[in-house]
Amino acid sequence: MKKTSLTLLAAAAALALVVTGCSNTTTSGAGAASGSGADDGLPVGDEISTTTDAALTELLPEEIVEKGRIDIAVDIPFPPMAMYDETNRAVGFDPELGRLIGQ
């Protein structure tokens, strides 16, 4: 019974992340999603972006909130999942998913 409850909770959390990540907003220039103006690895130009869900943000562990980012590991090069573009920036499905989760 407890294993089923945990499975359902994990599935609900995954669904919530998928649904909240389905919006597409336009950014203009480096760092536009964060407002910092610096190259912080967030999507720029024609890349996908998302908006913050305050309810999900409140569920983050305190150590992630304090750090201000979520670190991920990506196996590069592994096209099309992860590779470097001509400016040596990590691109592909895995880096983009990591950026969207971070947003």
Side-chain angles (χ1 to χ4, degrees):
M1 176 72 175
K2 186 170 184 155
K3 186 174 184 179
T4 303
S5 297
L6 289 175
T7 303
L8 289 174
L9 179 62
L15 180 62
L17 285 173
V18 168
V19 171
T20 58
C22 289
S23 67
N24 184 6
T25 59
T26 304
T27 60
S28 59
S34 66
S36 67
D39 182 14
D40 51 13
L42 293 176
V44 295
D46 293 333
E47 292 186 42
I48 297 172
S49 185
T50 187
T51 56
T52 303
D53 182 339
L56 289 177
T57 302
E58 292 176 15
L59 298 175
L60 288 172
E62 188 61 35
E63 63 188 41
I64 292 176
V65 173
E66 288 176 10
K67 189 189 310 185
R69 69 177 192 275
I70 299 173
D71 296 325
I72 64 166
V74 178
D75 183 17
I76 297 177
F78 189 61
M81 302 305 286
M83 61 204 144
Y84 293 107
D85 68 5
E86 62 279 348
T87 63
N88 208 31
R89 182 173 185 259
V91 295
F93 178 80
D94 291 342
E96 185 65 23
L97 179 61
R99 288 183 195 104
L100 290 171
I101 290 171
Q103 287 181 11

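Numbers here simply count residues along the sequence, with the first being 1. Bear in mind the structure is a predicted one, so any value in this text is a computation, not a measurement.
A distance of 7.5 Å separates CG in Asp94 from CD1 in Ile72, rounded to the nearest 0.5 Å. In this structure, the separation between CZ on Arg69 and CD1 on Ile64 is 11.0 Å, given to the nearest 0.5 Å.
Contact annotation: the side chain of Val91 approaches that of Met83 to within less than 4.5 Å [non-hydrogen atoms, C-beta and beyond].
Shown here for Ala82 and Pro95, the closest heavy-atom pair between the two residues is CB-CD, 3.9 Å.
Of the residues listed (Leu60, Leu59, Thr52), the one engaging Leu56 in a side chain to side chain contact (heavy atoms under 4.5 Å, CB included) is Leu59, and it is the only one.
Within 6.0 Å of CD in Glu63 there are 12 or fewer heavy atoms belonging to other residues, nucleotides or ligands.
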